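This one's a predicted model, so the numbers in the text were calculated from it and none came from an experiment. To find a chain, count down the sequence lines: A is the first, B the second, and so on, and within it residues start at 1.
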2 protein chains.
Amino acid sequence: MKDAYARAGVDITAGNLAVQRYRDVTSAWTHPDQLGTLGGFSGLFRLPGDGKRALVGSTDGVGTKILIAAAMRRYDTVGADLVNHCVNDILVTGADPLFFLDYLAVGKLDPEVAALVVSGVHRACRENGCALLGGETAEMPGVYRPDHFDLAGTIVGIVDLDAVPDPNRVEPGDAIIGLPAVGLHTNGYTLARALIPEDDYDAPFGATTYGDALLAPHPSYLAPVRAIRAVADVKAMAHITGGGLLENVPRTLPEHAAAVFEQTRWEVPPVMAELVRRGALDHEESYRTLNMGVGYTLIVPVAGVTAALAATPGARVVGFVQPRRDGEPRVVVHPART
Amino acid sequence: MKDAYARAGVDITAGNLAVQRYRDVTSAWTHPDQLGTLGGFSGLFRLPGDGKRALVGSTDGVGTKILIAAAMRRYDTVGADLVNHCVNDILVTGADPLFFLDYLAVGKLDPEVAALVVSGVHRACRENGCALLGGETAEMPGVYRPDHFDLAGTIVGIVDLDAVPDPNRVEPGDAIIGLPAVGLHTNGYTLARALIPEDDYDAPFGATTYGDALLAPHPSYLAPVRAIRAVADVKAMAHITGGGLLENVPRTLPEHAAAVFEQTRWEVPPVMAELVRRGALDHEESYRTLNMGVGYTLIVPVAGVTAALAATPGARVVGFVQPRRDGEPRVVVHPART
């Protein structure tokens, strides 16, 4: 089925168009200490009075995963989803997290529910060694239904400029290491909600329930990425979020290189296979909407693979970089034979 | 009328209770480089490897002012409201803004509308010399109505630790300088929407319309505050946001000092007088919900007043610090005689 995501109410084309329009309206002025461009995973800002380091900032939300959490009255996990998502977003620049701020908006403020949300934010901040520096709780009747809420957050990290990965160093023959995804993480939930109705959340799904499988927390890749970078020359990294492998990996490749993935090399989590089945999603749509089991990618020279895999349980080679001619796709995923 | 704000759907008691519960759930761990506490205007974080400077972060939203903007289809001003609000929030620590990130959530993404919102964010960032480092646009059908949106943002600034104002230096006899508010800024809109129905937005109100008066942009106090700090010893500052003078000024006072304001010393903007009239708000509620014409306060020794006022058009002395005994109020506003 083509366009299942659009039919579920999320318009990826509008999203890309908005990003283009943002470039238009912001192009007239850029702060002189700003490095990199709008639209990447995160922005870099030269630390004043320090020629060697940059601050890295990123803002994100948990998307409509919160509607599943609200329906299941499970309020203490979405905070960790949010923090870990943000940690991973700045991690692709090589940044260590410094601090985090959250934005919680509710239709009707229940202090106990809000405290559960913030406790999840705080727990994940602590696990990532990141300060919870503050936040805002907004009660907005008329914008949110009484039982609905939204949660977003901003992370700030710091990086040595000479430790920022450089996709221009990526070359054909390099290996792509994947870190496993445990579920949808923080993307694809509008589609998931369209395909798995709320009545199914309590129903058994393998050893778990549909609801629990959908709410599986977004992991932080900080520890495994640090372990790999300690032993291997990591040239580029991608956090596989909205847009999947097809839209996130190209940012880590030079113009004349393509990433070729072999789906036989990793397992697609059951919840993702179920969504593909229920939605009759085609191959392209699956890999453009869902992470399909690969949560984070690192590109390393083949010589570094053995050490990298030994450093990180669960990591595996999921593909290779190949030469690419003009007009050829930036990312190819060869399906497992069925 | 008591509790007009609560009847309009915003529960300030629940807000204070939530802040208390946040302290409970976050008290078990604080990052060692974190300075100050949750619940203030903004949080400070010691800059790694730099003993003299701190980063300052703050997150905020524009609240239900966005519903008025959405009703009037005026999308290019709320971004400036948000940025200027955040600039002022970190300004009370003495911080200079470095960069900003926005979070825009919509029910249905219209790239042109989103670009108007972001253009307002970008314009205000530029005016404050602050990078627009990135942001997130989230399309969340099911959370937001198709024509609704929410806008929040995070600012990061930097401050020399020895330039951070110290409320403990405030003493009886000091003068309180007020910078004028031009309207509601970013607070009290749920109440305003309850008192001024949408049908009135186009109706004339003095030289303007109700809608335009309600949407008057939140100003940045960066330039006037810099001008005053250049010529006077500023001991403490407050950004008058939700909670008004009554709840924001106490944070700038030591335990045994009270701020005593004289309402004869400044003008209450017409839109605020209209809300007080329509809602029959009592004195206490007016000053706990609305800024009532004072957008920002600075406490200076009397000897610094003349230079401070000369440096800043519109600034005026709005009150004085007086001794306070246990049990006495932290803030008193003497009404104008009528």
N/O donor-acceptor pair under 3.5 Å between B/Asp50 side chain and B/Lys52 backbone: yes
The interface call for B/Leu116 against chain A, heavy-atom contacts under 4.5 Å, is neither
Contact list (residues 102-113 of chain B to chain A, heavy-atom gap under 4.5 Å, by number) returns B/Asp102, B/Tyr103, B/Leu104, B/Ala105, B/Leu109, B/Pro111, B/Glu112
Pair count under 4.5 Å, heavy atoms only, with chain A: among B/Ala18, B/Ala152, B/Ala131, highest is B/Ala131
Assert top hit (heavy-atom pairs under 4.5 Å, partner chain A, pool B/Asp24, B/Leu55, B/Thr137, B/Asp150) equals B/Asp150
Comparing A/Cys130, A/Ala138, A/Pro32 against chain B, the one with the most heavy-atom pairs below 4.5 Å turns out to be A/Cys130
Bottom line for B/Val156: the part with an atom under 4.5 Å from chain A's heavy atoms is side chain
Does a salt bridge link A/Lys65 with A/Asp81, judged by any charged N lying under 4.0 Å from a carboxylate O?
yes
Comparing B/Arg145, B/Arg193, B/Arg21 against chain A, the one with the most heavy-atom pairs below 4.5 Å turns out to be B/Arg21
inquiry  = So does B/Ile240 get a backbone contact from the side chain of B/Asn248, meaning a donor-acceptor N/O pair under 3.5 Å?
reply    = no
Problem - Aromatic centroids of A/His31 and A/Phe45 separated by under 6.0 Å - result: yes
Ranked by heavy-atom pairs below 4.5 Å to chain B, first place among A/Arg53, A/His122, A/Gln20 goes to A/His122
Pair count under 4.5 Å, heavy atoms only, with chain B: among A/Leu98, A/Leu44, A/Val121, highest is A/Leu98
Taken in chain and number order and not counting sequence neighbours, the residues that satisfy ring-ring contact (aromatic ring centres under 6.0 Å, His included) with B/His185 are B/His218
Just by distance, do the side chain of A/Ser58 and the backbone of A/Asp89 share a donor-acceptor pair under 3.5 Å?
no
Practice item. Determine, stepwise, if the pair B/Asn128 / B/Ser220 fulfils side chain to side chain donor-acceptor pair (under 3.5 Å). Key: CA-CA 8 Å; B/Asn128 287 286; B/Ser220 165; 2.7 Å; yes
Here the gap from A/Phe100 atom CZ to B/Thr154 atom OG1, rounded to the nearest 0.5 Å, amounts to 8.5 Å
In terms of heavy-atom pairs under 4.5 Å with chain B, the winner among A/Pro48, A/Ala28, A/Gly61, A/Gly63 is A/Pro48
When every non-hydrogen atom of A/Cys86 is compared with those of A/Gly153, the smallest separation belongs to SG-O, 3.9 Å
Output for pair (A/Ser119 OG, B/Tyr22 OH), nearest 0.5 Å, gives 10.5 Å
key: N/O donor-acceptor pair under 3.5 Å between B/Asn88 side chain and B/Asn84 backbone   = yes
Looking only at A/Thr30, A/Leu67, A/Asp33, the option with the highest number of non-hydrogen pairs under 4.5 Å against chain B is A/Leu67
Pair count under 4.5 Å, heavy atoms only, with chain B: among A/Leu47, A/Ile158, A/Ile66, highest is A/Leu47
